[in-house]
Amino acid sequence: MNVWLIGATVLMGGFLPCLLVAARATALDALVALQLAGSTATLVLLLLSEGFHRPSYFAAPLVLSVLSFVGTLVIARFLARSSR
Amino acid sequence: MRSLALDVLVALGVAGELLCCLGLVVFRNVFDRLHYAMAATTLPPIFVAAAVVVAEGRSSSSANAIAAAAFLFLLNPVAAIAVARAARAAE
């Protein structure tokens with residue numbers, strides 16, 4: 001166990017508030033929670049990659065940081081169009 | 001000294017991100033929540049990337065960590081604007 005794995009484990013606790021908001025609030029609030037969960041997951045993967053000392057694992061947070069943005073953008077456009 | 005710097009940087013990154021997650025629950029309005037979702041993509045990723053750079057020095061791991069933090073920092077405001085416009089249209 002090192003500081004990276006401890007940090008990743010503690011940071012996973014941040015998914016609970018995001019899950020709470022995503023489950024109980026409106027669709028747009030849930031989208032904001034999803035966006036925050038995406039950036040939190042990127043940091044968790046960064047910490048885990050360094051904690052396991054595997055340079056090849058760093059591709060996962062890199063890809064997630066871009067794809068979470070794309071997903072949020074697509075859903076936001078969909079919600080904007082469906083609310084008109 | 002170096003391990004102390006690592007511990008401090010990782011702790012700051014994790015604490016900052018958790019603080020933003022709590023802010024998501026505390027506030028009720030979608031626009032207020034957006035502030036916290038965006039704050040989570042500014043300093044915390046920079047602290048975690050800095051910790052990786054301190055640990056790995058000049059390496060592919062450092063480059064990947066810096067790139068991931070940069071993507072979070074640069075792309076998420078665009079997504080936030082799209083969400084805010086959708087929220088505005090829904091009002």
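Atom set for the values below is all heavy atoms of this structure, side chains included, hydrogens, waters and symmetry mates excluded. Only a predicted model underlies this, so the values are computations on that prediction, with no experimental measurement involved. Within every chain, numbering begins at 1; the chains are lettered A, B, ... in the order of the sequence lines, protein sequences first and strands thereafter.
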Euclidean distance, B/Leu72 CG relative to A/Ser68 OG, rounded to 0.5 Å: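 Rounded to the nearest 0.5 Å, the OG-CG separation comes to 6.5 Å.
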
Gap between atom CD of B/Glu17 and atom CG of A/Leu11 - 0.5 Å precision: 5.5 Å

Looking at chain B, which one of [options] has the largest number of heavy-atom pairs inside 4.5 Å, strictly under?
{"options": "A/Val70, A/Asp29, A/Val32", "value": "A/Asp29"}
{"options": "A/Ile6, A/Leu47, A/Leu20", "value": "A/Leu47"}
{"options": "A/Leu46, A/Asn2, A/Thr40, A/Leu73", "value": "A/Thr40"}
{"options": "A/Val44, A/Val63, A/Val66", "value": "A/Val66"}

From CA spacing to verdict: side-chain contact (heavy atoms from CB on, under 4.5 Å), B/Val48, A/Glu50: CA-CA 10 Å; B/Val48 171; A/Glu50 182 59 28; over 6 Å; no

Who among [options] has the most heavy-atom pairs with chain A under 4.5 Å?
{"options": "B/Ala37, B/Ala40, B/Ser61, B/Ala15", "value": "B/Ser61"}
{"options": "B/Val14, B/Asp7, B/Asn29", "value": "B/Val14"}
{"options": "B/Ala63, B/Cys20, B/Ala49, B/Ala90", "value": "B/Ala90"}
{"options": "B/Thr41, B/Leu74, B/Asn76", "value": "B/Asn76"}

Proximal component of B/Ala70, with respect to chain A [non-hydrogen, under 4.5 Å]: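 It is neither, since no heavy atom gets under 4.5 Å.
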
Segment of B/Val52 engaging chain A (4.5 angstrom heavy-atom cut-off): both

Considering all heavy atoms of both residues, which atom of [X] and which atom of [Y] are nearest to each other, and what is their separation?
{"X": "B/Arg33", "Y": "A/Ala25", "result": "NH1-CB, 3.8 Å"}
{"X": "A/Thr72", "Y": "B/Ala79", "result": "CG2-CB, 3.8 Å"}
{"X": "B/Asn64", "Y": "A/Leu62", "result": "OD1-CD2, 3.3 Å"}
{"X": "A/Leu36", "Y": "B/Tyr36", "result": "CD1-O, 4.3 Å"}
{"X": "A/Ser65", "Y": "B/Leu75", "result": "O-CD1, 4.3 Å"}

Pairing residues for B/Arg88 by the side chain to side chain donor-acceptor pair (under 3.5 Å) criterion, not counting sequence neighbours: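 So B/Arg88 forms a side chain to side chain donor-acceptor pair (under 3.5 Å) with B/Glu91.
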
Full working for side-chain contact (heavy atoms from CB on, under 4.5 Å) between B/Phe71 and A/Thr42: CA-CA 10 Å; B/Phe71 279 136; A/Thr42 303; over 6 Å; no

Shared hydrophobic cluster for A/Phe58 and B/Ile46 (ILVMFWY, side-chain gaps under 4.5 Å): no

B/Leu24 vs A/Cys18 side-chain heavy atoms within contact, under 4.5 Å: yes

Interchain contact, A/Ala37 with chain B, by part (heavy-atom threshold 4.5 Å): neither

